[in-house]
Amino acid sequence: MEEAVSALPLADPGMPVEIGRIDKELGKLWESSGDTKTRASLINLVVYTENADGLAADHEVLSAVAARHACRAILIHGNPRAATSAARAWITAHCHIANKGSRQICSEQITFQLDGEAAFALPNIVFSHLDSDLPLCLWWKGNFPEPLDEKLWAWVDRVVFDSASWDRPAHQFAIIRHISTGQKHQTVLCDLNWTRLHAWRFALASLFDHASAFPHLSSVASVRLEAGPDGRTAAHLLLGWLASRLGWTISGEEGFFETSGGARVAFSIAPDSVPALSGIVIECPEASFDLHLSKNGDFFESLIRMPGLEPSRQVLPAPRTRPEDTLLAELSRAGRHPLYTESLERVLPLIGH
Amino acid sequence: MLMDTPRSNPLREGLALRSIPDPCTLVIFGATGDLTHRKLIPALYNLAADGALPPAISVVGFARRDKTDELFRSELEEAARKFSRQPIRDELWSSFAASVFYHRSAFDNLDGYTALARRLDELDAARGTCGNRLFYLAAGPDQFEVILENLRKSGLNQARGGSWTRVIVEKPFGTDLPSARKLNDLVQEAFDESETFRIDHYLGKETAQNIMVMRFANALFEAMWNSRYIDHVQITASEPLGVEGRAGYYDKSGALRDMVQNHLLQLLCLTAMEPPAGLDADSIRDEKVKVLRSLRPLAGAGVFRHVVRAQYGAGSINGKRVAAYRDELNVNPESATETYVAMEVNVDNWRWAGVPFFIRVGKRLPKAGTEIAVHFKSVPPVLFRATGESIDDNVLVIRIQPDEGISLRMSAKMPGSSLRIEPVKMDFHYGTSFGKATPEAYERLLLDAMCGDATLFARRDEVEEAWKFVDAIHAAWATRQDDLAFYSAGSWGPGEADELIKRHDAAWRRL
């Protein structure tokens, strides 16, 4: 059903401005602040969402991100189902006091409401309001549309998405593979689901740093993950990472990988009472490696059992799961994520359509 | 059939840009001292909180006082809560503190080292630290000799069966060239140069590390980084503090030994060095040594022409009256120790011929700040002569601390119908663009030493070349005392320093 032009579901998006006058109005905004505010920007961070209910939270995330990773933020709420076509804009600044001194550091935000046909003018809206010479990072919230707008993706340096939020992961993964390989200038894929796994991979790797530990990786018998419904894609990605690092491929037999030497490694993802990924146990003939999130989710608790050594327990830092922390972690990591692509390829057939 | 047994942890591949330290035991000599409490333990905790420490690590504090592991841990916790850049999280602290132990012994008691060796073996067996040992000399420099000697006599310096041993030596590395050579010989009787890590914490600071990136990753700067475009360079380290309880050490040392020989000459090297062949430790240190060897020696009368030494008198800092240096507690009332040095240094090579480097360091100056200011040459005074406008030179400032960042002063036309030219400043602040807190220098340096990466540590020849340069100045100073100038606390130093730089038609920067 078509909707009329919608109100922007945001309490205080800033000062309304004509779209053609955004740059001038931003200039005035900074001029009026005198010397009390310093404008800073490292990237263009564009957030596109069609979810009106989440817009206020997205605004908060941008505010938190701007305090730690200066950016020109562009928040776009698309409502292509609206009956009337309209494009409206607001400008505001996110300011925080610098660590040392009393100066306010500010990043600017432009918020757009694109209704009806105007929602299809997204590339133009993005292109005409970028801070020049800075990289473009586009956080696409929700499912990717089809067909993809090639003009838009050709300009994006980094596309951020969260595969945990997809309802048809296999189909969406196929689309993002097209985004990453279809352009002359290859877009970097940044899956926040993968970013959250960084702490898991880091902690898991650290269990095998000991000279007497990593040889057991050549004789893994089974891998058991524990994950609730929201953590299944993450569990698959973690499994894919292990498989890619250890040279395992999916076996013809369900529930097993095959090593390069022909041995079988059993794997399972056990449902868990908590929604997300909560633990992993790697069993070897003579050792076991257990990594679980603590009950409050703040820490990992690890337990290593190896012959000749007392069971070793350790507490390790766990991932921060607030959206702004995950996004900041992603933004602070430069370069491509080749491990992500490799890991995904290993387990793509296991991820449900 | 199983996959081949890996020779390293395959799960680490592609995970981190930097290498992960091996399991090891860190032994801190001087474990009850200020450095351990204020810097080392907070740094180790922060590394643990970032998950950057090896999975099996033990920290053993070695000191004279009698205390249990539990008491030692609780004292360290108190200090960590006060000085850590990240708040202490109880679960992480408990996990970290379980790896901390205390070993009581006097530094000159060989039996204490033999007992330490036994204890380290026990820890290796129980905690899987694999016999890798990093000894940190955080005690007073007068204790280095006896500690190194006993490490050697007890065999603790010897790596066994694929393990490693390393030593971190805190500054000062001697008090002059002979004592530095003696200390270096002592260190090398026990440890190879590749196992020796001489800490200069300035090198662990983010901005100091950024000097190379700024110079060699930006064509804009490197193309102009020579005598054709640069008029002179000013390197300043100023602090409002006095001797603050360090009078015993400082009165013997003075600003030249305390700051110039190590920190400021290191900054000069990073500013003046040629591009290294690679980013490995020796390629970089080779280039720094070349700079030190290119310094035009200052000796005899030349010292009095190119170097100003001064001492602060009474004055005021931040509105409070402060005493003269000679009236500070534990300072000789007739002391001739310099609390301020200003000097003109020349790097005699092709790149820097005719470009003076002015170095200025002092206590009880109005403001805290360390920076390198590169002053570019003036544009030809032709085009704007008729307007009567004076044009300020471009200045590139690299701020090391506080408020780390880079600024560039350039000229711009003021808005209006007449042609008026004013200097404007383009400013990059680390804290503004990158909101996250930068790691403390000791975090980076401890981690590097555990990984065996000596890039940010001083090599023996660097230390000795720096002493050679500084000793010649001291030798000249020893011949007379009437050149010691005085300045009021809270001022920017003596008039003689202003005269020194004025000879080059320049003036000291206002920080």
Discussion item. Using every non-hydrogen atom in the two residues, find where B:Pro10 and A:Leu246 come nearest and quote the distance to one decimal.
Written reply: CG-CD2, 3.7 Å
Item to complete: Report yes or no: does B:Asn9 contribute a side-chain atom to a donor-acceptor pair with the main-chain N or O of A:Phe208 at less than 3.5 Å?
Response: yes
Which pairs would a plain distance check flag for residues 322-330 of chain A, meaning a side-chain donor or acceptor within less than 3.5 Å of a matching protein atom at least two apart in sequence or in another chain?
{"from": "A:Arg322", "atom 1": "NE", "to": "A:Asp325", "atom 2": "OD2", "distance (Å)": "2.8"}
{"from": "A:Arg322", "atom 1": "NH2", "to": "A:Asp325", "atom 2": "OD1", "distance (Å)": "3.2"}
{"from": "A:Arg322", "atom 1": "NH2", "to": "A:Asp325", "atom 2": "OD2", "distance (Å)": "3.1"}
{"from": "A:Thr326", "atom 1": "OG1", "to": "A:Arg322", "atom 2": "O", "distance (Å)": "3.2"}
{"from": "A:Glu330", "atom 1": "OE1", "to": "A:Thr195", "atom 2": "OG1", "distance (Å)": "2.7"}
{"from": "A:Glu330", "atom 1": "OE2", "to": "A:Arg158", "atom 2": "NH2", "distance (Å)": "3.4"}
{"from": "A:Glu330", "atom 1": "OE2", "to": "A:His337", "atom 2": "NE2", "distance (Å)": "2.8"}

Item to complete: Give, as side chain, backbone, both or neither, the part of B:Asp22 having an atom under 4.5 angstrom from any heavy atom of chain A.
Response: neither
Practice prompt. Side chain from CB out, backbone as N, CA, C, O: work out which of these in A:Ser312 comes under 4.5 Å of a heavy atom of chain B, or both, or neither.
Written response: neither
Discussion item. If you count every heavy atom of other residues, nucleotides or ligands that lies below 6.0 Å from A:Arg313 atom CZ, does the total exceed 12?
Written reply: no
Response to the item:
Turns out that what part of A:Phe299 lies under 4.5 Å from chain B's heavy atoms comes down to side chain
Item to complete: Decide if atom CZ of A:Arg224 counts as having more than 12 heavy atoms of other residues, nucleotides or ligands within a radius under 6.0 Å.
Response: no
Response to the item:
Between the CH2 atom in A:Trp241 and the CG atom in B:Leu11, the distance rounded to the nearest 0.5 Å is 4.5 Å
Fill in: B:Arg119 atom CZ, over 12 foreign heavy atoms within 6.0 Å
yes
Discussion item. Can you tell me how far apart CD (B:Glu91) and CG (A:Leu316) are? Round to the nearest 0.5 Å.
Written reply: 12.5 Å
Item to complete: With a 4.5 angstrom heavy-atom cut-off, could you sort out which part of B:Ala56 is near chain A: side chain, backbone, both or neither?
Response: side chain
Discussion item. Set out, in order, the CA-CA distance, both residues' side-chain angles and the distance that settles side chain to side chain contact (heavy atoms under 4.5 Å, CB included) for A:Gln314 and B:Phe96, then state yes or no.
Written reply: CA-CA 9 Å; A:Gln314 205 180 355; B:Phe96 168 69; over 6 Å; no
Worksheet item: Using non-hydrogen atoms only, which part of B:Ala48 is less than 4.5 Å away from chain A: side chain, backbone, both, or neither?
Response: backbone
Fill in: SG-NE2 distance between B:Cys130 and A:His210, expressed to the nearest 0.5 angstrom
4.0 Å
Worksheet entry | Heavy-atom pair of closest approach, residues B:Arg89 and A:Asp298 | NH2-O, 3.5 Å
